[in-house]
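Quick caveat: nothing in here was measured; it's all calculated off a predicted structure.
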Amino acid sequence: MNYWLVKSEPFKYSWDQLEKDKQTFWDGVRNYQARNNLKAMQQGDLVLFYHSNEGLEVVGIAQVVKEHYQDPTTEDARWVVVDLAPYKKLKKSVTLEQIKADDRLQQIALVRQGRLSVMPLQKEEFDVILELSAG
DNA sequence: GCCAACGTTGGC
DNA sequence: GCCAACGTTGGC
């Protein structure tokens, strides 16, 4: 089991929208590093859902329900999507501020490489974020 | 809305 | 294959 974090601008695709849709394909990734991370996702992996631009917080946990396949929104064979479904909404969102303030989370790409939109997390890091959401 | 960070493109 | 120019992302 692997752990991930994905970013989405809430006015483009929000957590609420995901809950409403029950399932979505995660499209729009046009960055090789992010794409490689998508390809490494396995069914059942848990994915933290982060709102960028507005909110700036982790709002929920999604789950990979289908592994990567050709991005249906483009003919370009370089790009892939995965299917995500809502797994659990966080009781309390975890803000970027909290994440930046936690010594145990200084290595994650959210802090170190702001522009990456799909990133891997260590289990420990995933757990720390859940711990923060518990308050 | 600005700007820093960083990825991509294209000329040489 | 280097590097400058350019575009995009995302925090502030």
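- At the phosphate of C/dT9, neither OP1 nor OP2 sits under 4.0 Å from any side-chain N or O atom of A/Lys7.
- If you take CD of A/Gln33 and P of B/dT8, they are 9 Å apart, rounded to a whole angstrom.
- One distance of note links CZ of A/Arg112 with CG of A/Leu105; it measures 12.5 Å at 0.5 Å rounding.
- Both A/Gly114 and A/Arg78 lie near DNA chain B, and the one whose nearest nucleotide falls closer to the 5' end is A/Gly114.
- Remark: P of B/dG7 and OH of A/Tyr32 are 13 Å apart, rounded to the nearest angstrom.
- Rounded to whole Å, the distance from CG on A/Asn31 to P on B/dC6 is 12 Å.
- Within residues 96-109 of chain A, the residues approaching DNA chain C are A/Leu96, A/Lys100, by heavy-atom distance under 4.0 Å.
- Near-neighbour residues of DNA chain B inside residues 47-58 of chain A, defined by a heavy atom below 4.0 Å, are absent.
- Residues A/Lys92 and A/Glu57 are not paired through a salt bridge, judged by the lack of any N-O separation under 4.0 Å between the basic side chain and the carboxylate.
- With rounding to whole Å, A/Leu110 atom CG is found 16 Å from C/dT9 atom P.
- The only member of A/Lys100, A/Arg104, A/Gln98 that meets side chain to side chain donor-acceptor pair (under 3.5 Å) when paired with A/Asp102 is A/Arg104.
- A/Gln113 is listed as a side-chain neighbour of A/Gln33, based on a closest heavy-atom distance under 4.5 Å.
- Comment: A/Asp71 engages A/Arg30 in a salt bridge, judged by a side-chain N to carboxylate O separation of less than 4.0 angstrom.
- Distances were taken from every side-chain heavy atom of A/Arg115 (C-beta onward) to each of B/dT8, B/dG7, B/dC6; the shortest belongs to B/dC6.
- Scanning both residues, A/Lys89 and A/Glu19, for their nearest heavy atoms gives CB-OE2, 3.8 Å.
- In this structure, CD of A/Gln113 is placed 11 Å from P of C/dG10, rounded to the nearest angstrom.
- A/Val82 belongs to a hydrophobic cluster whose other members, connected by ILVMFWY side-chain contacts under 4.5 Å either directly or through intermediates, are A/Trp4, A/Val6, A/Tyr13, A/Trp15, A/Leu18, A/Trp26, A/Val29, A/Leu38, A/Met41, A/Val47, A/Phe49, A/Val59, A/Val64, A/Val80, A/Leu84, A/Val118.
- A salt bridge does not link A/Lys20 with A/Asp16: none of the charged nitrogens is closer than 4.0 Å to a carboxylate oxygen.
- Residues A/Trp79 and A/Leu116 are members of separate hydrophobic clusters, defined by side-chain heavy-atom contacts under 4.5 angstrom among Ile, Leu, Val, Met, Phe, Trp and Tyr.
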